Amino acid sequence: MADNPHRKHRERMRKRYRSNKGLDNFADHEVLEFLLFYCYPQRDTNEIAHRMLKEFKTLHNLFETDVETLMNTLNCTENIAVLLNFIPAIANRYFRSKWGKSVILDDEKIAGEYVIDLFVGETVEKFYVLCLDKKYRLINNVLISEGTLDESAVYPREIMGAALKNNATSIILTHNHPGGSAKPSKSDLEATSLIVKSLESINIDTIDHIIAAGDTYYSFDARRQHVRGYY
């Protein structure tokens, strides 16, 4: 088998990654170049990485594009498109494993970090209820609805049912705004008001509603002493 002419460069990249203990000092095109080593054993992946980023602008856009679009746009194989699309999915699975189900969400910042990780790689709007016990320990995160990029139908009866089924003492509402701002919309405010009032009727406290957008979040509770303070 012919020797790979790019072998020494790849060895330097791997050594750099190991000595830096991560990717903090890598540019986006270098991160992608490194990833593509495992798809192109005999090619200069630097040029390919630059071409991909020129087309999709950011790693975020590239990784969150569906497999068919990647194949058609980049004229690449299914193997390469699946690998790129696989990154957010595996990151989401990693973060779920990292947090587990025994995390205590008694602090807005911890809850915000948890929520950001919960939505890693999601490209459509999803609405979860985080069911908590009396010590604010997470009992379960329950997916209530999954919508399009712009909207998600949320039903108070389903949220009440999820809270009761999991014997929750309190809950945190959370949903994401894929590709947008974490700031709540008018419909977010109206839906939250309706849900809070519905849960009050069965003595379950809504301690926060957290909206995630990328690596940022908006906590109702952090801005008004209590989520009910909005209404």
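Index from 1, following the sequence. Note that the coordinates shown come from a computational prediction; the quantities given were computed from them, not determined experimentally.
Not a single donor-acceptor pair under 3.5 Å links the side chain of D205 to the backbone N or O of I207. Judged by distance alone, the side chain of S193 and the main-chain N or O of E190 form no donor-acceptor pair under 3.5 Å. Side-chain atoms of N140 do not come within 3.5 Å of backbone N or O of V142 as any donor-acceptor pair. For N166 (side chain) and A168 (main-chain N/O), no donor-acceptor pair under 3.5 Å exists by modelled atom type. For the pair E30 (side chain) and A27 (backbone), a donor-acceptor distance under 3.5 Å is present. No donor-acceptor pair closer than 3.5 Å links the side chain of T69 to the backbone N or O of T65. N20 places no side-chain N or O within donor-acceptor distance of the main-chain N or O of G22, the cut-off being under 3.5 Å. Proximity of a side-chain donor or acceptor of N176 to a complementary backbone N or O of V124 within less than 3.5 Å is detected. Within the 3.5 Å criterion, the main-chain N or O of R93 finds no donor-acceptor partner in the side chain of S97.
A continuous path of Ile, Leu, Val, Met, Phe, Trp and Tyr side chains, each step under 4.5 Å between heavy atoms, connects L32 with L74, placing both in one hydrophobic cluster. Under the 4.5 Å side-chain heavy-atom criterion for grouping Ile, Leu, Val, Met, Phe, Trp and Tyr, V67 is not connected to Y38 through any hydrophobic cluster. Clustering ILVMFWY residues whenever any of their side-chain heavy atoms sit less than 4.5 angstrom apart, transitively, puts V82 in a cluster other than the one holding Y40. In the hydrophobic clustering of ILVMFWY residues, with side-chain heavy atoms under 4.5 Å counting as a link, L23 and F63 come out together. In this structure, I116 is a member of the same hydrophobic cluster as I104, with clusters built from ILVMFWY side-chain heavy atoms closer than 4.5 Å.
A pairwise comparison of heavy atoms in L164 and I204 identifies CD2-CD1, 4.2 Å as the closest pair. L36 and T45 make their closest contact through O-CG2, 3.6 Å (heavy atoms, listed as atom of the first residue, atom of the second, distance). Listed here is the closest heavy atom pair of A212 and V115: CB-CG1, 3.7 Å. Heavy atoms only, all atoms of each residue included: F34 and Y17 are closest at CE1-CB, 3.4 Å. Residues A162 and I144 approach most closely at CB-CD1, 4.1 Å, considering heavy atoms. The two residues C131 and A163 make their nearest non-hydrogen contact at SG-CA, 4.1 Å.
Checking E33 against H29 by side-chain atom types alone, no donor-acceptor pair falls below 3.5 Å. Side-chain atoms of E108 and Y217 include a donor-acceptor pair closer than 3.5 Å. With 3.5 Å as the limit, one finds a donor-acceptor pair spanning the side chains of S185 and D188. There is a side-chain donor-acceptor pair under 3.5 Å between D208 and S219.
I172 contributes atom CD1, which lies 11.0 Å from atom CG of N141 (distance to the nearest 0.5 angstrom). L70 contributes atom CG, which lies 11.5 Å from atom CD of E64 (distance to the nearest 0.5 angstrom). Once rounded to the nearest 0.5 Å, the distance linking CG of L130 with OG1 of T206 reads 11.5 Å. Between M52 atom CE and T73 atom OG1 the span is 10.5 Å, to the nearest 0.5 Å. Note that the CD1 atom of I171 and the CE atom of M160 stand 10.5 Å from one another [nearest 0.5 Å]. Separation of atoms CD (E125) and NE2 (H177) is listed at 5.0 Å; rounding is to 0.5 Å.
A 6.0 Å sphere centred on NZ of K98 holds more than 12 heavy atoms belonging to other residues, nucleotides or ligands. When the shell of 6.0 Å around CD of E55 is examined, it contains more than 12 heavy atoms from other residues, nucleotides or ligands. Other residues, nucleotides and ligands contribute only 12 or fewer heavy atoms inside 6.0 Å of the CD1 atom of I90.
Residues E146 and F127 form no side-chain contact, since every pair of their non-hydrogen atoms from C-beta on lies 4.5 Å or further apart. Considering only heavy atoms from C-beta on, K54 stays 4.5 Å or farther from R51 through its side chain. Counting heavy atoms from C-beta on, the side chains of N85 and I87 never come closer than 4.5 Å. A 4.5 Å side-chain heavy-atom check between D107 and Y136 finds every atom pair outside the cut-off. When side chains are defined from C-beta on, L132 does not count as touching R137, because their heavy atoms never get closer than 4.5 Å. Between F220 and P184, some side-chain heavy-atom pair lies under the 4.5 Å cut-off. Looking at heavy atoms from C-beta onward, L84 lies in side-chain contact with I80 at the 4.5 angstrom threshold. Residues F95 and L118 fail the side-chain proximity criterion, which asks for heavy atoms closer than 4.5 Å.
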Notebook entry, point to check: Passes side-chain contact (heavy atoms from CB on, under 4.5 Å), M71 versus T77? Steps please.
Noted result: CA-CA 6 Å; M71 291 174 65; T77 66; over 6 Å; no

Next item on the list: Before giving the answer on side-chain contact (heavy atoms from CB on, under 4.5 Å), spell out for L105 and V103 the whole-Å C-alpha distance, their side-chain angles and the decisive distance to 0.1 Å.
Entry: CA-CA 6 Å; L105 301 177; V103 61; 3.9 Å; yes

Note to self: Would S198 and I159 count as a side-chain contact (heavy atoms from CB on, under 4.5 Å) here? Give the steps.
What the structure shows: CA-CA 9 Å; S198 298; I159 294 171; over 6 Å; no

Notebook entry, point to check: How far apart are the C-alpha atoms of V31 and L59, what are their side-chain angles, what is the distance that settles it, and do they pass the side-chain contact (heavy atoms from CB on, under 4.5 Å) test?
Noted result: CA-CA 9 Å; V31 173; L59 289 176; 4.3 Å; yes

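Paired with H209 under the rule side chain to side chain donor-acceptor pair (under 3.5 Å), one option of T174, T192, D221 passes, and it is T192.
Ring geometry for H9 versus F37: interplanar angle over 60°, hence perpendicular rather than tilted (30 to 60°). Between F119 and Y128, the angle of the ring planes goes over 60°, which puts this pair in the perpendicular group of the 30/60° scheme.
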